[in-house]
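Notes to accompany the following structure.
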Amino acid sequence: MADKDGFLSVPQPKIRYSCLYSDDELLDDDDDPSTPTRSVRRSWQDYGLSTLPSSGSVYLPPSGRLATTPPVDDPASSLSTVIKMGWLDKNPPQGARIFQKRWVKLDSEYLRYFDNDKEVYSKRIIPTCCITEVMCVGDQKFEVVTHNRTFLFRADNDLERTEWVRVLQEVMSPQQGYELTFNPTLTPDMQGYLELRGLRSKLYTVVSADKLFLYKNQEDYKLGIGITSIEMNVGNIKDTDRRAFDLTTPYRIFSFVADSEQLKERWVCVLRESIAAALSHSEVAERIWAEPSNALCADCSAPHPEWASINLCVCVCKRCAGEHRSLGPSISKVRSLKMDRKVWTEELIQVFLLLGNERANQFWAANVPPSEALSACSSSEERRRFITAKYRQGKYRRYHPLYGNQQELDNALSVNVQSDDLLETLSLIFCGADVNCCRGDADSPLLLAETCGRTLQLELLTHNRNTEIPRLEVGGHMDTVHYMAPPSITHNGFLFKTGSMARPITERKAKEEFSRRWCVLNDGVFSYYESDKAATPNGGLKMKEIVCLAVNPPEKHGYDHTFELYSDAERLYLFGQDNIDVVREWVKSIAKSFIPACAESFLQRDFERVGRLRYKDSLHLQTPRLGWFCLEGSALHVCLENRPEETIHLHKLKELSIQQDNEVLVLVERGRSLYVEGERKLDFAGWSQAIQRAAGSCGDSLGQQQLTETDIPVIVERCITYITQCGLTSEGIYRKSGVNSRVASLLEAFRQDARSVWLKEGEQQLDDVANVLKRFFRDLNDGLFTTHTSQHWLNTTALCDDVSKISKYQQLFSGLPRVNKATLCALVNHLYCVQCFADKNQMNLHNLAIVFGPTLFQTDGKDYNAGRVIEDLIQHYISIFSVDELQLKKQLDEMTLIIDLRDKLKPAPPGGHFICTVYLEEKKESAEQLVKIPATMSASELVCEILDRRKISVRDKDYWCCFQINEKEETERPLHFQERVLPIVHSLGTESHLLVKKHYSMEAMLVFLASKVDVAKHGMMRFREERSLLGLTTGSFNERYFILTPTSLRLYKEVRSNRAEREWPVKCLKVYLGIKKKLRPPTCWGLTVIYESDKPDKQERQQWYLCCDTQTELREWFATFLSIQHEGSVWPAEGCKMRSSRSVVSEARLGNVSLIPLRGNESDIRNSVAAFTADALALFKNT
Ligand SMILES: [Zn+2]
C-alpha cells in the first residue's frame, strides 16, 4: 500500500506525469477488448480512497470517501427499489486471470457494480434498457450483453446464478436486435468533458434533471454505459478556482476542472439548478409518488415520472410529457410535479392519490394491445403514436355503458359528482359527458359538486371545463402520414435527364441521350422545366409517388454521377451531372422529402438504394406490411412497421432466394425470414439485383466473403465440415493434390455464391475440397495473418520458452480483425482434430505444418518459420485459444463415433438413421446422450435405449416417456410410445430438444380413461388465438365451450350456442402441455395447440391456447386428446417389456446412414432431411 499512498498523497502534475499507468486505467476494470493487454492494472480501489492529509481536501481518484458511511437505504442511489443485490465475481480485465469481487445492485433502471457494499458510487452503471441479452455460460458464470460490451459475472453457486439471470432477464428491455445509437435514458441539461482532479484524462459528464452522470468518454455516453451517477439532492457546489469547482456530497468530494472560466460558470450554474430542482419541490413529487402506481410513468412505465397531466390525471415521465404537450392544452394540461408548485393544491394532490396511475389507466388503458404498449425506452415516434392514440383518440379507453347517449351521460355525471367516485367521473367526462351541461333549471355538475362539498370532484371538473373529448378520427390510415413531405425542403438546379421509361436501364446512356433541365423540388413535388425561365414544367413527380431512389456507381453512364427515381406508376427517371456534389445534394434533398420520419436514420447513411417495399415476416405472415429499406454496402437497413431500425448483414444471410416467378425475395437470417414482395416489377427488379449483388462475396479478402453466424467465411466452414465428415481417415489428406480443373471450378463456384454450394459425398472428391480450402487461403488478399502482422507471427517462433511464446501468440491473435480471428480459430481447431487421427490419415502435427505454413503465410515455402507457427498453434491450441477442453473432447468423441459408424457401414445398405442428442431428466451436459436414431425407432425404443445406457431399471408405475421440449414456446409434448422419433428429430429447431423423463400424470390419465365408456369430453376452457396470425384485436383469453369428439374439436361461444364457431379435425391437431408465460395465461394449466391442415391445396397453420381451471381438467382433456388420436392406446399394455427383444432388432436395422450428426450445421440437416425424404419407404421396412 505504501507506494500507492505515496502516489496518492502527491497529486501534483509532475508526479502524475511520471506515473507508469495511463489515467483511464484508474477508471475501469474492463476495457475495450481490442486494446492490447497491459501487464498491471489498477482500479479506483487500488488507490485506497483515503483522505489526503496534506491538502485537507478529498479527491476521487485519487480522492476519497468522507467518514460518513452511507445509510442502509442510501439516498444517493436511485430511488428505484433494488430488485437484487449481492456479491458477484466480475471477469478480470483482458489478459488477467483473477476475478474481482464486486458488490452488484440491480434496480429496474440500472445494473451497477461497486467495489464493496459500503461504496455509494459505482464503478459501472449500465442502464437495464441497454442490456440486450443475459445468458448462462459455464461454471456458474453468466454474461450481460450490451451493444458494445459484454460483462461476465460469476456467482457463488448455481442457484444464485440462476436467480441473477432470471431477474436480469425480467428487467431487460423487450426491444432487442437494433443498434442503439444514442443514450435513451437521459435528457441532458448539459454535457461535455470535465477534468476530474487526479485523473489526467477527462470524463464525459452529463447533468440530467437531478443527477450527474460520469462516463469514460462520449462514445460510452452514447451507448449508455457509465461509471457512476451522483444524486444532486445530496450535493453542494463550491467554487474553488478560476476553472475549478467542487461537488460535495456526504460521501465524497468531486473536484472538477472545466476547460475555460466561462464553461465553469455554466457548469456551476446548471449544477446549482439541478440541486435546486432536486431539493426544492420534491415534497409534492414525494407525496404523489407515495401512491405506488404514480411512481411509474402512466404511459411508458419509466420510474419517477416528474410530470403530470392534471386533467387526464396521470403522472408521466419527461419524454412522455413532451408528447402530451404536443397534443395541446385542450387535450392534456401538463405540469411539473417539482416546478409548478402553485398548481398543486391539496385537492389536486388528493385527486392524484385517489385516482393514481393505476386507476386512471383502468379507464385510459383498458384495452392496450401488447404490441402497441410503450416501454421506458420506446422511441419518440412510438411515444407520439401511442399517446395520440391513447388520449386524443381514446383508442384504449374503457367505454362507459352510456357511451353515445349524451343526455344519459350528462345525467349520470350530475349524479356522480355528488358521490366520491372520481374514477366514474373521469370515465364519464372522457366518454363525452358535458362538464358544463345545464338541463333546464338544474345546476351544472360543477355547481352540484361545489354545493355538495365534493371538493375533489370539483377540482377534477375544473381542470376539464374546456377539455376536448377523445375521438377516433375517421379515415386517416397511419401510412398516409409517412408520405407527408416536410414543406421546408426546397432545392433547385440544373440536372441532365433522359426520357422516363418503364423498364430497367441496362445499357450505358451516352451524354448525348441526356437533356439539360431546370429542376425544382418544392412543396413535395419534383418538377423539371425546359429552362430556368420556363413557367410551366415539362413534367415531374410528387414525392409521395416515389418508391425508390437509387444512386448509380460513378461512370455508369455518360455523366459521371447519376441517380434513378422510381415512381409507383412503374416509371423510371434517370438524372445525371458530372459534379458529384451537385448530385449528392439532390439525392439528399429528395431522400429527405420522401422518406418518412420513422426511417429518417437512413438519411445519415451513404446508401446506394433507398425506398419502400411490402414485406412479410414471422410477425405478419398474413398480410404484407409496408417497410422502408436502405442498402448500404453489404448492409440492408430496414425500418419495419412500428419497429426501430434493424440491420441485416447480407454477407451473413443463411439463404437468399427469389421465389414465385421473381416476385418474392426471401432473406433468411438466424432466427427469422423476411419475405420482400415485388409489389411493382420495376423497382423490385432493381432491389433484388442490388441485394443479390451485395450479398455475394465482393472481393478476395476475408472480410468480404459471405460469412456464417460466427463470422467464418462460408467457404471455409463448408470445406472443414466436409473434410470432418468424410476425410478424417483419408491418408494424406491436405497433402495430396486434387484435380486442378475441378479445384478451380469449385473455388469459382464458391466465389460466385458460396451459400449455394453444397458439398456432398460422392459429388465432390475429398482431395479437391481439401485443395479448395488451401487455395482459398493462399490466394487471399492480405492473408489470414494480415500483411502487416504476419512478420510478427513469424518472429515469434524465435522465442525459446513456451510461456512467452504462447502469450505473444495470444496477443497477436487478439489484434487480428474479427473475421480473421474467427477463421483462424476454426481452422486451427480443425487441424488439431485432423492430427488427432494421424494414426489413420498420417497427417501428424509436422506434416500439417509443412502443408499449411506456406499456404497460410503465402510464402511459397521460403520461410521455414511459417510451418513453425502453424506447428506452434496446433500444439498449443488449447492454451493459445483458451479452449474448453471438455467441449473439445466431446467434439473428438463425436468424430470418433462418426468414423466408427462409417467403418461399420461400408458398404451401406439402404435405410437411414441419424445421430441426435437426447437428455435424461434434465437438459444439462452431464445428462446428454448421443443416440443413433434409425428410421424405424419408436419413442418407447428410444426411452429403453436411454434407460439401458444409464442402467436405470424401470419399476412398476414408472411411466418413462420421451418428451419433445420446446424452450421458446415453453411447452412440452410426451411422444406417443409408438411415435417414430426420426421425423420429430427432423422437425426440432434449435430451441427444441428431446428429453426422457417420467410422465407423472400418466397414471392419473390412465385411471381417467379407464373410467370412461366413450372417448369424448366437453366443458369450458379459456381460449386465446395467436394474435398475429388471425389478426384478432384482443389478445386475451376468453371463456369458450368445447366439445371434443372422436372426429373433431368444436368451439362454441357459450354452452347454449347451437352452432359451433369453429371446428377442427382432431387428427390435424398437435397438443402441447404448457403456454408461454409471456401470454399471461390465466391459470398454469394450459395447452398450446397447433393446427395444420392436411389439405394439399390449402395449407394452413394456426396456433392457439387453451387454459383449464384445474390440473385434473387439464389431464382429462389431454388424456382424451391422446386417446382419440391413438385409438385408445395411450400406454403400451406390456409396459416396458419389449426391452429384451429390442437390441436384436436394432442391430438388424442399421440401415444406410448418412451419419451426419444433427448438431452440425444447416447443410447437414438438409442432407439428412434429403436422405430421409428420398427413402421414405425405409420407414416401413423391418417393422
Ligand atoms: Zn413515460
Side-chain angles (χ1 to χ4, degrees), residues 489 491-521 526 528 541 543 546-567 571-595 599 601-611 613 628-637 647-651 682-701 703-706 751-753 781-782:
I489 293 174
H491 194 68
N492 53 42
F494 281 106
L495 280 175
F496 296 87
K497 170 182 180 301
T498 63
S500 73
M501 53 196 86
R503 56 167 185 85
I505 305 174
T506 45
E507 72 285 1
R508 181 184 163 89
K509 296 275 182 193
K511 270 195 174 171
E512 301 79 68
E513 294 175 72
F514 287 81
S515 349
R516 188 170 186 252
R517 291 286 177 262
W518 175 250
C519 299
V520 175
L521 173 60
F526 176 84
Y528 43 90
L541 64 166
M543 283 299 127
I546 297 181
V547 291
C548 177
L549 161 64
V551 183
N552 289 321
E555 290 164 40
K556 182 173 175 184
H557 297 293
Y559 283 95
D560 285 353
H561 301 282
T562 52
F563 64 91
E564 298 169 353
L565 292 177
Y566 294 74
S567 79
R571 301 296 293 181
L572 166 50
Y573 301 76
L574 175 67
F575 297 91
Q577 253 277 14
D578 278 333
N579 183 332
I580 185 170
D581 293 328
V582 170
V583 170
R584 269 203 193 129
E585 208 46 50
W586 272 109
V587 166
K588 218 166 94 187
S589 307
I590 294 170
K592 244 189 219 165
S593 36
F594 88 100
I595 292 175
S601 52
F602 291 173
L603 298 172
Q604 312 301 324
R605 304 197 176 276
D606 186 17
F607 54 80
E608 111 188 29
R609 184 173 287 264
V610 66
L613 290 164
W628 288 85
F629 293 75
C630 168
L631 182 63
E632 181 189 34
S634 65
L636 181 66
H637 308 286
T647 298
I648 296 172
H649 297 285
L650 297 173
H651 275 166
L682 191 58
D683 63 310
F684 181 71
W687 275 108
S688 59
Q689 251 182 31
I691 289 176
Q692 287 182 74
R693 199 178 333 109
S697 305
C698 56
D700 291 332
S701 74
Q704 291 167 314
Q705 305 301 310
Q706 290 180 7
R751 285 203 175 121
Q752 289 291 324
D753 182 11
N781 224 338
D782 201 34

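These values consider heavy atoms only, across backbone and side chains, with no hydrogens, waters or symmetry-generated copies.
Contact detail for A690 and L631: the closest heavy-atom pair is CB-CD2, 3.6 Å. Across all their heavy atoms, A694 and L650 have their closest contact at CB-CD1, 3.6 Å. Between G493 and W518 the shortest heavy-atom distance is CA-CZ3, 3.5 Å. Counting all heavy atoms, side chain and backbone alike, G633 lies closest to E608 at N-OE1, 4.4 Å. Minimum heavy-atom separation, F602 to W628: CZ-O, 3.5 Å.
In this structure, the side chains of F494 and V582 stay at 4.5 Å or more apart for every pair of heavy atoms. Taking the side chain as every heavy atom from C-beta outward, L521 and M543 approach each other to under 4.5 Å.
In this structure, K588 places its NZ atom where only 12 or fewer heavy-atom neighbours from other residues, nucleotides or ligands lie under 6.0 Å away. Counted within 6.0 Å of CZ on R584, heavy atoms from surrounding residues, nucleotides or ligands total 12 or fewer; the atom is thus considered open.
Q706 places no side-chain N or O within 3.5 Å of a backbone atom of D753 that could act as its donor or acceptor partner. Not one N or O on the side chain of E513 forms a donor-acceptor pair closer than 3.5 Å with the backbone of G499. Using a distance-only test at 3.5 Å, with no hydrogens or angles considered, no donor-acceptor pair links the side chain of E585 to the main chain of D581.
Here the CD-CZ distance, from E564 to R571, works out to 13.5 Å after rounding to the nearest 0.5 Å. Taken from CG in L613 to CZ in F684, the straight-line distance is 7.5 Å, to the nearest 0.5 Å. Taking CD1 from I590 and CD1 from I546, the interatomic distance works out to 6.0 Å, rounded to the nearest 0.5 Å. A distance of 9.5 Å separates CE in M501 from CG in L682, rounded to the nearest 0.5 Å. Atom CZ in R693 sits 13.0 Å away from atom OG in S634 (nearest 0.5 Å). The CZ atom of F629 sits 15.5 Å away from the CZ atom of F607 when rounded to the nearest 0.5 Å.
Ring centroid separation for the pair F526 and F575 comes in under the 6.0 Å cut-off.
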For this session: List the steps, then state whether side chain to side chain contact (heavy atoms under 4.5 Å, CB included) holds for F594 with V610.
Result: CA-CA 10 Å; F594 88 100; V610 66; 4.1 Å; yes

For this session: Apply the test side chain to side chain contact (heavy atoms under 4.5 Å, CB included) to residues L495 and Y528: give CA-CA distance (whole Å), side-chain angles for both, the deciding distance (0.1 Å), then the verdict.
Result: CA-CA 9 Å; L495 280 175; Y528 43 90; over 6 Å; no

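The side-chain contact (heavy atoms from CB on, under 4.5 Å) test applied to E632 returns R605, D606, H637, not counting sequence neighbours.
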Side-chain donor/acceptor pairs under 3.5 Å, residues 547-559, sequence neighbours excluded:
residue, atom, partner, partner atom, Å
N552, ND2, T562, OG1, 3.0
H557, ND1, K509, N, 2.9

